[in-house]
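What follows is one structure encoded as structure tokens, with my remarks underneath.
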Amino acid sequence: MIIENSNFILEHIASSGQCFRMNKTGDTQYSVIAKGRYLSLNQLNENEVKLSCTEEEFQEFWSEYFDLSYDYESIVKNLLAGEDEFLKKAAAYGYGLRILKQDIFEALITFIISQRKSIPAIKGCVEQICQRFGEKRVDMVSGTVYYTFPTPVKLAEAAKEELREAGLGYRDEYVRKTALAVVKGEIALQNLKALSYEEVLGEFMKLPGVGIKVANCAALYGLHRIDAFPIDVWIERILKEVYENKFDVNTYKGYAGIVQQYMFYYIRSLS
DNA sequence: CTCCAGGAAATAA
DNA sequence: TTATTTCATGGA
């Protein structure tokens, strides 16, 4: 089926570093694996994307996953009409980005893995743990073989040696212990939705390998708290060199996480 | 060879 | 409290 949307650019979303299981498979073709499902997408033009799923599956799952009911166009227009020169350029460059509504556990684990790794290296590790600990499936539409993201139980039971073989390095125990905490109910991921932003960060940061940055990523990409503003080395550089440490996130209250995504995507394009 | 990658935890000051 | 050091691994 075909989706019409003025802010749905697959290239930008796939290479924005928020999701590690969306890949380019052709000139205008992409694939994504989420919540056990496989989808292929084709960017027909600036305003149209063709999806391999049925209308029913789109309504039931993918529409929300891609946050298609949210008006990203008005945010881009706001930034373009604003005074902030850096954000003007960032929005003009990254228009079409969206904040995907990923699985909470997957967002948590993949961003624990992400620390001190390049995005290609993260994607490699994530694919490895999916192949080793996930479930093998076949997409009925294309016949593509794919692997689901591992369950908490699988990762909690994973052998340290195999996690090392997957390339996790010293993060092996972080992943295993966090998965175990989820299995034992020491953190109830589904209940986090009811908590405030600050409470959510507090809960995430009790977990091994989760500091302020990973907690914000899990909140933004796993719980869709678009007020979350993850500060990594790139954003840190912007705040210091572009804004001389005078950037106020409260200026963008209600959608700071989206602003952060434009910033991140734009600064990386410059080098 | 060195340096860095969507950082966090342990340790020192 | 804040500042420094260490932690695997792969690629430039």
Side-chain angles (χ1 to χ4, degrees), chain A residues 11-23 86 90 93-94 97-100 102-104 106-132 155 158-181 187 200-243 245 247 249 256-271:
Chain A
E11 175 64 29
H12 294 179
I13 297 170
S15 52
S16 67
Q18 61 173 301
C19 163
F20 304 105
R21 303 207 74 196
M22 185 168 179
N23 293 310
F86 183 80
Y93 178 78
L97 277 169
R98 314 186 74 82
I99 305 292
L100 304 183
Q102 300 182 57
D103 176 72
I104 307 172
E106 179 173 340
L108 182 58
I109 296 297
T110 57
F111 278 95
I112 286 175
I113 293 173
S114 80
Q115 60 186 258
R116 298 303 285 179
K117 275 187 176 296
S118 67
I119 291 176
I122 300 163
K123 293 177 87 167
C125 286
V126 171
E127 201 51 43
Q128 276 291 312
I129 65 168
C130 289
Q131 288 187 18
R132 290 168 183 272
L155 286 181
K160 184 172 180 174
E161 296 73 28
E162 197 169 354
L163 290 173
R164 283 290 167 105
E165 287 170 19
L168 294 200
Y170 64 89
R171 306 159 193 81
D172 56 352
E173 289 291 80
Y174 294 162
V175 168
R176 210 166 60 171
K177 288 177 179 172
T178 291
L180 187 59
I187 179 168
V200 165
L201 290 187
E203 288 301 307
F204 279 142
M205 288 173 69
K206 288 178 186 172
L207 299 167
V210 180
I212 186 69
K213 191 271 179 180
V214 170
N216 269 287
C217 286
L220 179 57
Y221 306 121
L223 285 167
H224 204 72
R225 296 300 174 97
I226 55 176
D227 264 316
F229 191 86
I231 299 175
D232 72 321
V233 290
W234 296 91
I235 299 293
E236 180 87 55
R237 211 169 292 165
I238 295 172
L239 298 186
K240 186 177 178 184
E241 295 174 10
V242 178
Y243 294 96
N245 292 322
F247 183 82
V249 283
I258 299 172
V259 169
Q260 181 268 166
Q261 199 67 33
Y262 292 127
M263 284 179 159
F264 179 79
Y265 187 61
Y266 177 57
I267 193 70
R268 285 171 54 86
S269 76
L270 299 179
S271 55

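Proteins come first, then strands; the chains are lettered A, B, ... in the order of their sequence lines, and each starts at number 1.
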What's the [atom1]-[atom2] distance between [X] and [N], to the nearest Å?
X: A/K117; N: B/dC3; atom1: NZ; atom2: C1'; result: 16 Å
X: A/E236; N: B/dA5; atom1: CD; atom2: C1'; result: 15 Å
X: A/I122; N: C/dG11; atom1: CD1; atom2: P; result: 14 Å
X: A/Q115; N: B/dA5; atom1: CD; atom2: C1'; result: 11 Å
X: A/E161; N: C/dA8; atom1: CD; atom2: C1'; result: 15 Å
X: A/I113; N: B/dG6; atom1: CD1; atom2: C1'; result: 13 Å
X: A/R171; N: B/dG6; atom1: CZ; atom2: P; result: 11 Å
X: A/Y170; N: B/dA5; atom1: OH; atom2: P; result: 13 Å

Any chance the side chains of A/Y221 and A/Q261 put a donor and an acceptor closer than 3.5 Å?
yes

Just call it for [X]: base, sugar-phosphate, or nothing, with non-hydrogen atoms closer than 4.0 Å on any strand.
X: A/S271; value: nothing
X: A/G17; value: base
X: A/Q260; value: base
X: A/F20; value: nothing
X: A/P208; value: sugar-phosphate
X: A/Q261; value: base

Is the number of heavy atoms from other residues, nucleotides or ligands under 6.0 Å of A/E173 CD greater than 12?
yes

Determine whether the aromatic ring centres of A/Y266 and A/F86 lie less than 6.0 Å apart.
yes

Does A/F111 have its ring centroid less than 6.0 Å away from the ring centroid of A/F20?
yes

Would you say A/Y174 stacks on B/dA8, if stacking means ring centres under 5.5 Å apart and planes within less than 30 degrees?
no

N/O (side chain, A/R164) to phosphate O (OP1/OP2, C/dA8) under 4.0 Å:
yes

Within less than 4.0 Å of OP1 or OP2 of B/dA8, is there a side-chain N or O belonging to A/R116?
no

[N] versus [M] - spacing of their [atom1] atoms, nearest Å:
N: C/dG10; M: B/dA9; atom1: P; answer: 23 Å
N: B/dG6; M: C/dT6; atom1: P; answer: 23 Å
N: B/dA5; M: C/dA3; atom1: C1'; answer: 22 Å

Salt bridge check: are A/D232 and A/K213 linked by an N-O gap of less than 4.0 Å?
no

